[in-house]
Amino acid sequence: MRSQLARKPENTYHHGDLRDALIKAALREAEQGGAEAISIKALARQLGVSQPAPYRHFADREALLAAVTAEAFRQLCAILREAMARPSKQSKLSRLAQATLDFGLRRNGIYRLMFASRTVSCAAKGSELYEVTRETFALVIEALEAPAVGYLRERQALKIWAALHGVVMLAEQGLFTGEAAHATREELVEDFVSETKAALALAIRAARRRKATGA
């Protein structure tokens with residue numbers, strides 16, 4: 001008598017497996033069409049489970065979107081950390097900025113889910129999604145490689161984060177080709193990096209002078 005392990009059918013899931021499968025499948029859908037492409041009913045059909053099955057893991061579509069968006073931010077964080085840790089003559093901020101641009105252009109559907117939907121703005125404080133978005137922004141602050149002086153780092157981090165987002169979204173809409181400025185998107189991002197680092201260094205020096213003089 002042959003002893004053989006029974007294989008689990010592809011359309012069945014242990015407890016917990018379905019949640020991960022739904023998130024992965026939803027990410028694939030978002031790659032093609034952003035948040036609008038994600039449908040719990042369609043995902044259940046795609047995964048071969050009953051229509052009510054996903055609701056054992058997610059109360060509604062918004063809860064699924066929050067989990068998917070959190071996973072997308074975790075993936076972006078991993079990419080940014082890897083870029084910042086890689087030995088290079090470029091500054092950490094340059095590596096982070098270029099990695100963000102590349103992520104936004106290559107995975108635009110996911111990027112729109114993260115930055116052009118209301119999912120993040122609706123995330124409750126302390127939630128998984130809320131925390132991972134703060135973690136992402138903390139990496140931008142870290143990449144500045146500057147001392148903490150008031151909230152100068154946070155201000156410059158927010159400025160370059162907004163600038164990077166603007167380049168990605170303009171490019172996605174076909175509104176930025178670089179022809180008008182005779183510059184590539186990558187070159188424009190390097191301009192942002194240089195200007196940000198210079199502005200932060202100047203602001204820190206000014207703040208220290210004011211503190212030294214008691215002004």
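Counting begins at 1 with the first residue of the sequence. Not measured: the values here are computed from a predicted model.
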Colleague: If you measure from CE on M84 to CG on L96, what distance do you get to the nearest 0.5 Å?
Modeller: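 Here the interatomic distance stands at 6.0 Å.
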Colleague: Quick one about R107 and Q75 (side-chain donor to acceptor, distance below 3.5 Å, no hydrogens or angles considered), yes or no?
Modeller: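 Short answer, yes.
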Colleague: Can you measure from OG1 (T136) to CG (L76) and round to the nearest 0.5 angstrom?
Modeller: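 Separation between the atoms: 5.5 Å.
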Colleague: Within the side chain of R95, is there an N or O that forms a donor-acceptor pair under 3.5 Å with the backbone of R86?
Modeller: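 A pair under 3.5 Å: yes.
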Colleague: Counting C-beta onward and ignoring hydrogens, is there a side-chain heavy-atom pair between L18 and L22 closer than 4.5 Å?
Modeller: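 A side-chain contact exists here, since the closest heavy-atom pair is under 4.5 Å.
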Colleague: Tell me the ring pair (Phe, Tyr, Trp, His ring centres under 6.0 Å) pairs involving residues 68-109, sequence neighbours left out?
Modeller: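 Of all non-adjacent pairs touching residues 68-109, those that pass ring pair (Phe, Tyr, Trp, His ring centres under 6.0 Å) are F73-F115.
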Colleague: Can any side-chain N or O of S121 pair as donor or acceptor with the backbone N or O of R118 at less than 3.5 Å?
Modeller: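 Between the backbone of R118 and the side chain of S121 there is a qualifying donor-acceptor contact (under 3.5 Å).
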Colleague: Would a distance-only check, ignoring hydrogens and angles, find a side-chain to backbone donor-acceptor pair under 3.5 Å from T213 to R209?
Modeller: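 Pair found, side chain donor or acceptor close to backbone of R209.
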Colleague: Give me each pair satisfying salt bridge (charged side-chain N to carboxylate O under 4.0 Å, His left out) with a member in residues 147-159, each pair once, sequence neighbours excluded.
Modeller: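 Qualifying pairs: none.
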Colleague: Any side-chain donor-acceptor pair under 3.5 Å between Q46 and E29?
Modeller: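 The criterion, which ignores hydrogens and geometry beyond distance, is satisfied for E29 and Q46.
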Colleague: I want to check something: taking the side chain as every heavy atom from C-beta on, are P54 and L64 in contact at a cut-off of under 4.5 Å?
Modeller: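 No, too far: nothing below the 4.5 Å cut-off.
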Colleague: Once rounded to the nearest 0.5 Å, what's the spacing between atom CG of L65 and atom CD1 of I23?
Modeller: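 So the gap between those two atoms works out to 11.0 Å.
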Colleague: Determine the minimum heavy-atom distance between R185 and L105, stating which atoms define it.
Modeller: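 Heavy atoms of R185 and L105 come nearest at NE-CD1, 3.8 Å.
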Colleague: Under the salt bridge (Lys or Arg N to Asp or Glu O under 4.0 Å) rule, collect the residues that match up with E128, sequence neighbours excluded.
Modeller: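 With sequence neighbours excluded, E128 shows a salt bridge (Lys or Arg N to Asp or Glu O under 4.0 Å) to R74, given in chain and number order.
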Colleague: Mark yes or no for whether N108, through its side chain, and Y111, through its backbone, hold a donor-acceptor pair below 3.5 Å.
Modeller: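 No, the answer is negative, given that no donor and acceptor are paired below the 3.5 Å cut-off.
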Colleague: Answer whether the closest heavy-atom distance between the side chains of L170 and Q173 falls below 4.5 Å.
Modeller: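 With C-beta onward as the side chain, the pair stays apart.
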Colleague: With sequence neighbours excluded, what pairs up with E135 under the side chain to side chain donor-acceptor pair (under 3.5 Å) test?
Modeller: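 For E135, the residues satisfying side chain to side chain donor-acceptor pair (under 3.5 Å) (neighbours in sequence not counted) are R81.
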Colleague: Provide the full list of salt bridge (charged side-chain N to carboxylate O under 4.0 Å, His left out) pairs with a residue in residues 187-208, sequence neighbours left out, each pair given once.
Modeller: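 Sorted result for residues 187-208: empty, none.
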Colleague: Could you tell me whether the side chain of T184 reaches within less than 4.5 Å of the side chain of V189, counting heavy atoms only?
Modeller: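 No; the side chains remain at least 4.5 Å from each other.
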Colleague: Please report the shortest heavy-atom distance between L80 and A99, naming the atom on each side.
Modeller: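 So the two residues come closest at CD2-CB, 3.9 Å.
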Colleague: Going from CG on L113 to CG on L27, what distance comes out if it is rounded to the nearest 0.5 angstrom?
Modeller: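 Separation between the atoms: 7.5 Å.
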Colleague: Going by heavy atoms in the side chains, are R112 and E36 under 4.5 Å from each other?
Modeller: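 Sidechains of E36 and R112: in contact.
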Colleague: If you measure from CZ on R61 to NZ on K41, what distance do you get to the nearest 0.5 Å?
Modeller: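 Reported to 0.5 Å precision, the distance equals 14.0 Å.
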Colleague: Restricting to pairs with a member in residues 30-53, which pass ring pair (Phe, Tyr, Trp, His ring centres under 6.0 Å), not counting sequence neighbours?
Modeller: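 For residues 30-53: none.
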